[in-house]
Amino acid sequence: FLLASSYVQALSLGKMTTHSGLNQPFEAEIMLHSVAKGELDGIKVNIASAEAFKRANIDRPFILTRLNFETIAKENGQNIIRVTSRNAIPEPYLNFLLEVSGPRERVLKEYAVLLDVPR
């Protein structure tokens with residue numbers, strides 16, 4: 001008998017690249033790793049619950065509820081989470097806990113962002 005095992009990689013989040021500055025609508029990308037083809041639509045991204053923030057000893061300011069998340073497959077084959085806001089972010093520092101849920105798992109990761117004054 002030939003035994004085949006399927007190797008399942010764990011969903012993981014990479015670094016965040018910010019494309020906006022202080023007092024501008026927020027725009028950033030987070031690398032999304034180990035998502036099988038066809039599973040991107042099943043990925044849910046949100047700010048973590050108030051309870052998760054409390055357990056992680058992180059403040060959860062109201063401004064975080066204004067962030068929007070979208071999963072995108074880029075032309076180069078990379079999967080990302082696009083993070084945006086409609087309104088300008090007046091806070092120079094954002095610290096948040098992101099929750100990403102897939103078909104088989106859930107990942108929490110903390111991100112800290114220092115927004116510079118635009119040039």
Side-chain angles (χ1 to χ4, degrees):
F1 283 92
L2 178 61
L3 296 176
S5 66
S6 63
Y7 176 73
V8 178
Q9 292 181 322
L11 173 72
S12 66
L13 302 173
K15 73 174 198 164
M16 178 169 39
T17 304
T18 307
H19 303 291
S20 57
L22 184 63
N23 293 317
Q24 293 180 333
F26 190 73
E27 186 177 333
E29 293 180 354
I30 298 171
M31 297 301 299
L32 183 58
H33 303 288
S34 303
V35 176
K37 191 172 186 169
E39 288 186 351
L40 191 60
D41 289 340
I43 302 291
K44 305 287 186 236
V45 183
N46 293 296
I47 290 293
S49 69
E51 293 170 4
F53 271 78
K54 187 175 181 178
R55 282 192 305 272
N57 200 27
I58 302 171
D59 288 334
R60 190 177 192 261
F62 178 76
I63 198 161
L64 296 179
T65 63
R66 295 186 176 178
L67 297 179
N68 301 301
F69 305 96
E70 177 184 18
T71 56
I72 296 173
K74 295 177 85 171
E75 289 180 16
N76 63 6
Q78 293 178 330
N79 293 315
I80 63 163
I81 298 169
R82 180 175 290 151
V83 186
T84 59
S85 71
R86 287 182 181 231
N87 300 321
I89 301 295
E91 303 294 327
Y93 180 73
L94 292 178
N95 188 32
F96 59 91
L97 193 58
L98 193 63
E99 180 178 342
V100 180
S101 302
R104 297 176 301 275
E105 58 203 319
R106 183 181 83 145
V107 176
L108 290 173
K109 184 167 182 179
E110 181 180 0
Y111 286 95
V113 180
L114 181 61
L115 295 174
D116 292 328
V117 176
R119 298 177 190 190

Between CG on residue L64 and CD on residue E91, distance to nearest 0.5 Å: 9.5 Å

Before you tell me yes or no, could you show the steps for L13 and I81 under side chain to side chain contact (heavy atoms under 4.5 Å, CB included), namely the whole-Å CA-CA distance, both residues' side-chain angles and the distance that decides it to 0.1 Å? CA-CA 9 Å; L13 302 173; I81 298 169; 3.8 Å; yes

Can you sort out the partners of E99 under side chain to side chain contact (heavy atoms under 4.5 Å, CB included), two or more places apart, ordered by chain and number? A48, S101, R106, L108

Mark yes when over 12 heavy atoms from residues, nucleotides or ligands other than E70 sit less than 6.0 Å from its CD; otherwise mark no. yes

Could you report the tightest heavy-atom contact between L98 and I30, atom names first, then the distance? CD2-CD1, 3.6 Å

Taking every heavy atom of S12 against every heavy atom of S34, the minimum-distance pair comes out as OG-OG, 4.5 Å

OG1 of T71 to CD of E39, rounded to nearest 0.5 Å, is 12.0 Å

Hey, does F26 have a side-chain heavy atom less than 4.5 Å from the side chain of L115? yes

For V113 and F96, work out which heavy atoms get closest and say how close. CG2-CE2, 4.4 Å

For residues R86 and N68, report the shortest heavy-atom separation together with the two atoms involved. N-ND2, 4.4 Å

Interatomic distance, I47 atom CD1 to L97 atom CG [nearest 0.5 angstrom]: 8.0 Å

Any non-hydrogen side-chain atom of P90 less than 4.5 Å from a side-chain atom of I63? yes

Is the backbone N or O of N87 less than 3.5 Å from a side-chain atom of S85, with the two atoms forming a donor-acceptor pair by type? yes

Rounded to the nearest 0.5 Å, the CG atom of N95 sits from the CD1 atom of I58 at a distance of 5.0 Å

Listed partners of N76 passing side chain to side chain contact (heavy atoms under 4.5 Å, CB included), at least two apart: K74, Q78

What's the separation between atom CG in L67 and atom OH in Y111, rounded to the nearest 0.5 Å? 13.0 Å

Taking side chain as C-beta onward, heavy atoms only, is L40 less than 4.5 Å from L32? yes

If every non-hydrogen atom of S49 is compared with every non-hydrogen atom of R60, which pair is closest and at what distance? C-NE, 4.0 Å

Give me the atom names and distance for the closest heavy-atom approach of A28 to H19. CA-CD2, 4.1 Å

Out of curiosity, L11 CG to E105 CD, how far, rounded to the nearest 0.5 Å? 4.5 Å

May I ask you to test the I80-M31 pair for a side-chain heavy-atom distance under 4.5 Å? yes

Do N23 and I89 have side-chain heavy atoms sitting under 4.5 Å apart? no

